[in-house]
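Let me begin by presenting the structure, written as structure tokens, before commenting on it.
Each chain gets a letter, A, B and so on, in the order the sequences are listed, and its residues count up from 1.
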Amino acid sequence: MSAAATGVGPAFWLLAVGIIGGALGVVLLRNMVQSALCLGLVLLLVGGIYLNLHADLLAGFQVLLYVGAVVTLVLIAIMLIHNLAARYVVQTNQRWGLGAVAAVASGALLVWAINDTRWPVTLRPVDYSEQLRQFCLALLDKYILPFEVAAVVLLVALLGAIVFAQQTERSE
Amino acid sequence: MSDPAASAAVQPYLLLSAVLFCIGLYGVFSRLNAVGVLMSLELLLNACNINLIAFSRYCDRGVELARFGGTALGAQGQVLALLSITIAAAEAAVGLAIVISIYRSFRHINVDDLDLLRW
Amino acid sequence: MSGFPWASLATETALLGLGLLLVTLDIVVTDKHRKHLLGYVALGGLLLCLLPAAGSCVGPDAPEELFGGLYRTDDFQRYFRLLSIVVSLLVGLLTLDYLEHIRIDRGVFFIILVFGTQAMILLAGANDLVLIYLSFEFLSIASYILVGFLLGKDKGAQNEVKRSTEASLKYLIYGAVASGVMLYGFSLFYGLAGSTSLPRIAEVYGQAGNEMIKVVALALVLVGMGFKVGAAPFHQWAPDVYEGAPTPIAAFLAVGSKGAALAVLTRFLVIGLGVSDFASPILDWRVMVAILAVLTMFVGNLLALLQANIKRLLGYSSVAHAGYLLAAVACNFAVTTGGAGAAVRLDGVQAMLIYLAAYLFMTVGAFAVVVWYQRNSGSELVEDYAGLAQRSPGMAVAMLIFMLSLTGIPPTAGFVGKLFILRATIAQGELWWLGLAIVLNSVISAFYYMNVVRVMFYLKPKAGVVLRPTFATPAVVGLCAAATILLLLQFGVLVELTAAPLGAILTN
Amino acid sequence: MAVEAISGQWVWIVPLIPVLPALAFFVGIIGGGLGLHKRVSNLTIGAMALSCLLAWGTVFLPVLLNFLGGLQHGHPEPFSWSHNWFWAGAGGPGDGLFIGVMVDHLTAAMLAMVTLVVLMIEVYAVGYMAHEPHYGRFHSYVSLFAAGMLGLVVSNNYLTLLVSWEIMGVCSYLLIGFWYHKDSARKAAKKAFMVTRLGDCGMLIGIFIAYAYCGSFQFEQVFLWAKTAAPVLVALTALGLFMGSVGKSAQFPLHVWLPDAMEGPTPVSALIHAATMVSAGVYLVARSYPLFYGAHGDLAGDLELTALGQVYTLEPLTVVAWIGGFTALFAATMAVFAADIKKVLAYSTISQLGYMFLALGVGGYTAAVFHLLTHAFFKALLFLGSGSVIHAVEHAMHHEHVHEDPQNMYHMGALWTRMPATAWTFLLGTLALAGVPPFAGFFSKDEVLLEALRGHHANPILGGFGLAVAFLTAFYMTRLLMLTFFGRPRFPQVWAHTEDSPAVMTRPLMVLAIFAVILGLPAAPAFFGGENYVHAFLNMDGLALFGVEAPHALRPDFGVATIATLLALSGIVLGVALYGTPAGAAARRLAWGNALLRAAMTAPKRLYWMNELLYAVFVVPTFAVMRWCNAVDRYVIDLTVNLVGWLTLVMSNGWRWFDQTIIDKVGVEGPARTAQGVAEVGKFAQTGKVQGYALVAVTGLLLLVAVRVWLVR
């Protein structure tokens, strides 16, 4: 199959290699800070995949929300927890072997099932501005409810985080 | 509509996401500390998001816009992905707060050693 | 869509308003008044919300598709809306007596409880993968926080805090994995159908082709939903979390969260995948659900046999009941009627709805007795219930009623529920072995439920427990016991109430 | 529908009959908690008395009068009242779940019997349980128990029947284990609950098969359905229901719980054995007789099994008959060797219930119901009487600091003079149970035997079982009587302190004794060519309603009656001979103390020694010959008694082994043990480590897909 038919250019392969490498870094590295940085890299590269798929807005969200917020949070947590940062200790439990087998088996199942499938693909040209406009309109139209709900979810999460943070003073 | 060649357009993305999913699962199973587990979870969600965006690019059938008219192509997957990013952020906030709380009580965050509750 | 559908969403809007009001109060009110005020406001507000929710349940109403088919307010959703609010009310009442065990931030507890209720209601009405995923996670996040709310007052209770926090983290990790796996399944369904709307997915699912990926995607989704329902082998979090969580929240998870998950599971399976006309027998989801159901029953009941902690015992019992409920979900079938073609009979769904109502009262009631006793004796061990019948016959008889009901022995609502499930399995025909498994399991379950009764009625009381008078918990116990008996006497009401959702769920 | 609504304006009274005791339970359990123990019994007895009054005044007597009126006009008309409280369901009448009451002759008779017997038991319990700390609780439970039975009797559908059935199950659990400080009581309670629950499984399945295919729980609807339904379904339903009966009525092989259930206080035993629990099983089969009888070929077919190329038919009624007949014989032999006074009565109950099922199985519907009614009265009498004895002996032993089992008959003796009221009533009960004319048991037992020997589905083997049981019953009851009330006192000082029970306990005995004497008389005219009023009253109104040709009840004939009476008398004579005379005691000592061979060897030895002695002392040869003849006689009798005794002992031991090993260990404990074992393994996975859980979940997911795709296609 040619690159043109699949719509996948060399950029994709570069991104894919980067993502997989980074992901392996996230789960395998012994230093949590390095691990967190790898996560940042992966998330950034996934944003690249979105660009490759012409989902520019999503790519922006990905970088802002994930790389900006989540990775920062993770790093703060690592810093708060002593003896976690900058240490090279064994970071896997005793079940890692079984875990690897299960993970590979489920990966194999997924790959097999995906390859076995004829996806109902429609190849169509993309009108960037039109798609963006439609996406935004959809958010205001049909998806107004999920949007509002998401706001409440964030509020709840905020309250929850406060609850757990407060307890510490009491228990010390 | 769904000839093999066209189907192949979306395949590489799906395979990438499957591999990412499987790496994420491995991380969830094997990471000793809670922060590592939470990071692996982010990999899982990203795998899903890659799927969603790939499908929204190639397979979407569009949604009618009742108020504004017209059909929004690819919006469904993107909205779902967007929400999943939001949720992931919320979950990470709560999760890390709990992890810190755990650290204060247990003086460690080894998920494997948290077994007060069992049997 | 002209304007906001106020009439249909009165309850939802009121709940949102209540939640926001509580947030405001939490900021405004001084610490001195905060202790009880927010609880009372929350309960009062929930009581008010009960009115529109109950009102909308009377008589069949046309289903309404809101937000472009994203959200459906049909009788099915209205039924669950009512149940959710009832659960939250009971749990809120229980919490009033439990306040001293809860973290200082009591206001936040009620805020999150109210928002959790909101999430359950949204979940019951979600008709689109987008909203399903969102409200699923909404409920999850609220639950993670509620589970971690336990506070030990003195140094000796430090262990309680540890357990609660541990339960919270375990729940979060397990839940996040499960929902991640479910989202992966959702993405596959989206790819197959090109749409996230359940009816659109149904158009594709029943057709021939791509069977393998459909089965895989279904299994992935079942992981997530099975997690919330508490179905084996995705149940393992349940006993741990129930044991660690504040007891009222354990009741909330066992009933509210499970109920909402069943609602969404049913809707996803019946609307999203269809009930009949599968091009290939392998696509028939009922077999998969039935397998899970049987596994769940056996795992729940067998492991419950070994439990010494009553919260854990109830945890496993709730797993077993998830099995019965799943069995009901699997028992829907198509019958050919005269010349009019195939009609779908949703006996199983109706049985599930009936059983859920019975399950609500008996489980919340049992947990309420646990709350009450825990408050008095500080113990959660079954053996410490010794001689309860002599010290407090009322509570013991109430617990007896709940245990009988959970076993499915008349004269209790649990019996009626099981009866309808059995009827559905037999009527379905092909899945008769489900009925057999249920009968077998009710024999197994009698061992551990009756053990609680034995301890209460037949053992000598231990010294040193002083029973303190309270108001809220006995009220909940009494309410639930009365409901457990009355639902048997008046289950016609229940049958009528659940008949409408059946029509509603299928009419588009 | 043939159900006529007569006196519809009174029907609201019928539900009150079970509801009153139920209300008394609720008030009583709360009152007991508030410390009003002594008052509780006033309340429950008052409620029961009111129920009894309602049952007799508004149901039984009107029905009886109506029946007698109909009799004069030539055609007795069966009638019943049917009323629906409320309906539930989506569709029309066929789809709904009706709950209501139904009164026909069977119900009316049962109501009269149950309310009266329970009332007597409750009054008796006032005396018996007087020093019990949980007096109020006891009376509350008894009240609920009675409510369950009454609810069962008035039900017009299987649903409320099942509900009441299970209420009784729970009450039996609570009451058998009432003295929970005894470990054996707790075990017995659990055993009773679990074993009957095993039977309930079958019953549930039976009811649900009927419900699934007929769409209703109503008796009428189900019976109508049975007329046209596939024979296999009807037969399966019937067998399922019978399985419930086997559990509840303690038939082989689920009889094991009943002897253990003696651990409860004696009034409870009386309650379980006479008026409620075990009668429910017989009542269920009698009530569902159209299903069973239909399966005999008149209505529908039988369950056909194809094996090895041949077709075997399995008739539910045949199963009923054989299980009943076998149980009757087998329990009777066990009763012969029991030493505990209550155990003798317990085995006797199992045996008599077996009799009733035997009667049902051979088509003797009337005979079975008749025996059920008479048996309730005299068995309640016997149990309460034995309770009175135990009560008295226990007190005396306590007083004299004798630490022996007060229930063991070998510790009693000669109580006739110490407690005459108990003894006289007990004697009447014994005669009734033994089947001596003209007591109640004679007439009902005679009908059972008649059906088994001469009926439409008579079977010589089953008839033989029946006759053997008649003999054994008379024998073991005489034995009981002799050991308890006659002979020498075993502990003279205890005996001297034994006093008859107070009037509150003996008066109920007298009331029951009156019924034990007269209840059979309505059947007596039939012997002299007159009307058999019992037959006419009970005759199949349950069946006639549904267009079933009722099996024609036989006219009693003197042949069977004579044989039965002779057997009973010979049983009594043997009992008196063995247990009431010194020679009998000697014979027993020989039979029990020595094994067969030793007896056979020592007897001649003693014989020769005796002969020589006789020759030496008395030289008169005729005298010697006389002695010799006497000895030979003794030898022959000894040998026979030994042989029979040995055989029965072996059988009884074998059965005890079977009970304890196969049924208890494998049947009852086995599943529990297995479940425990499986659970231990499952516990292994619950390590508390959440990542392990996630691993299990994903593995489960993979397996689920694998099973779905490759195994369950």
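- Counting heavy atoms from C-beta on, the side chains of A:Ile19 and B:Leu16 come closer than 4.5 Å.
- For chain B, the nearby parts of A:Ser35 are the backbone and the side chain; heavy atoms of each come within less than 4.5 Å.
- Of the residues considered (B:Ile98, B:Ile87, B:Val37, B:Val99), B:Ile98 shows the highest number of contacts with chain A, using heavy-atom pairs under 4.5 Å.
- Contact of the A:Val46 side chain with the B:Asn49 side chain is not registered, since no non-hydrogen atoms from C-beta on lie closer than 4.5 Å.
- In this structure, A:Tyr143 and B:Val63 have side chains that are in contact, with non-hydrogen atoms separated by less than 4.5 Å.
- Once rounded to the nearest 0.5 Å, the distance linking NE2 of A:His54 with CD1 of B:Ile53 reads 12.5 Å.
- The most heavy-atom pairs under 4.5 Å with chain B, out of A:Leu109, A:Leu73, A:Leu137, A:Leu65, come from A:Leu137.
- Looking at A:Ala105, there are no atoms closer than 4.5 Å to chain B (heavy atoms on both sides), in backbone or side chain.
- Within the model, atoms CZ of A:Arg133 and CZ of B:Phe68 stand 9.5 Å from one another, a figure rounded to the nearest 0.5 Å.
- The residue among A:Asn115, A:Thr117, A:Leu158 with the most heavy atom pairs within less than 4.5 Å of chain B is A:Asn115.
- For the atom pair B:Gln78 CD and A:Leu132 CG, the distance stands at 8.5 Å (nearest 0.5 Å).
- The shortest distance between side-chain heavy atoms of B:Phe55 and A:Val121 does not fall below 4.5 Å.
- Ring planes of A:Phe12 and B:Tyr13: perpendicular class, angle over 60° (limits at 30 and 60°).
- With contacts defined as side-chain heavy-atom distances shorter than 4.5 Å, the pair A:Phe135/B:Leu82 qualifies.
- The candidate with the highest count of non-hydrogen atom pairs below 4.5 Å against chain A, out of B:Val19, B:Leu83, B:Leu25, B:Ile23, is B:Ile23.
- In this structure, chain B has no heavy atom under 4.5 Å from any part of A:Ile76.
- Both the backbone and the side chain of A:Val111 come within contact range of chain B, each with at least one heavy atom under 4.5 Å from a heavy atom of that chain.
- With chain B as partner, the option from A:Val101, A:Leu140, A:Val71 having the largest number of non-hydrogen pairs under 4.5 angstrom is A:Leu140.
- From A:Gln131, atom CD reaches atom CZ of B:Arg57 across 8.0 Å, with rounding to the nearest 0.5 Å.
- Side-chain atoms of A:Arg95 and B:Asp112, non-hydrogen and from C-beta on, do get closer than 4.5 Å to each other.
- The contact between B:Tyr26 and chain A is made by backbone and side chain atoms together, counting heavy-atom distances below 4.5 Å.
- In this structure, B:Phe29 and A:Ala103 approach most closely via the heavy-atom pair CE1-N, 4.2 Å.
- Contacts between B:Asp113 and chain A at a heavy-atom distance below 4.5 Å are absent for every atom of the residue.
- Put simply, the side chain of A:Met32 reaches to within 4.5 Å of the side chain of B:Met39, judged on heavy atoms.
- Contacts between B:Leu20 and chain A at a heavy-atom distance below 4.5 Å involve the side chain alone, from C-beta outward.
- The CG atom of A:Leu110 lies 10.0 Å from the CG atom of B:Leu15; values are rounded to the nearest 0.5 Å.
- In this structure, the portions of A:Ile20 lying under 4.5 Å from any heavy atom of chain B include both its backbone and its side chain.
- Dense packing is recorded around CZ of B:Phe106, with more than 12 heavy atoms of other residues, nucleotides or ligands lying under 6.0 Å away.
- A:Gln62 has its side chain within reach of B:Asn46: a pair of non-hydrogen atoms, C-beta onward, lies under 4.5 Å apart.
- Contact count versus chain A (heavy atoms, under 4.5 Å) is highest, among B:Val111, B:Thr86, B:Val79, for B:Val79.
- Rounding to the nearest 0.5 angstrom, the gap separating the OG atom in B:Ser101 from the CZ atom in A:Phe164 is 6.0 Å.
- Pairing each heavy atom of B:Ala90 with each of A:Ala157, the nearest pair is CB-CB, 3.6 Å.
- Proximity to chain B (any heavy atom under 4.5 Å) is restricted, for A:Leu139, to the side chain, taken from C-beta onward.
- For A:Leu28, the parts sitting under 4.5 Å from any heavy atom of chain B are the backbone and the side chain alike.
- Here the closest non-hydrogen pair linking B:Ala93 and A:Ala161 is O-CB, 4.3 Å.
- Interface remark: B:Leu38 contributes no atoms to any contact with chain A (heavy atom separation under 4.5 Å).
- Counting heavy-atom pairs closer than 4.5 Å to chain A, the top-ranked of the candidates B:Thr71, B:Val94, B:Ile50, B:Leu96 is B:Leu96.
- Interface remark: B:Glu91 contributes no atoms to any contact with chain A (heavy atom separation under 4.5 Å).
- A distance-only check finds a donor-acceptor pair linking the side chain of B:Arg31 to the backbone of A:Val26 [under 3.5 Å].
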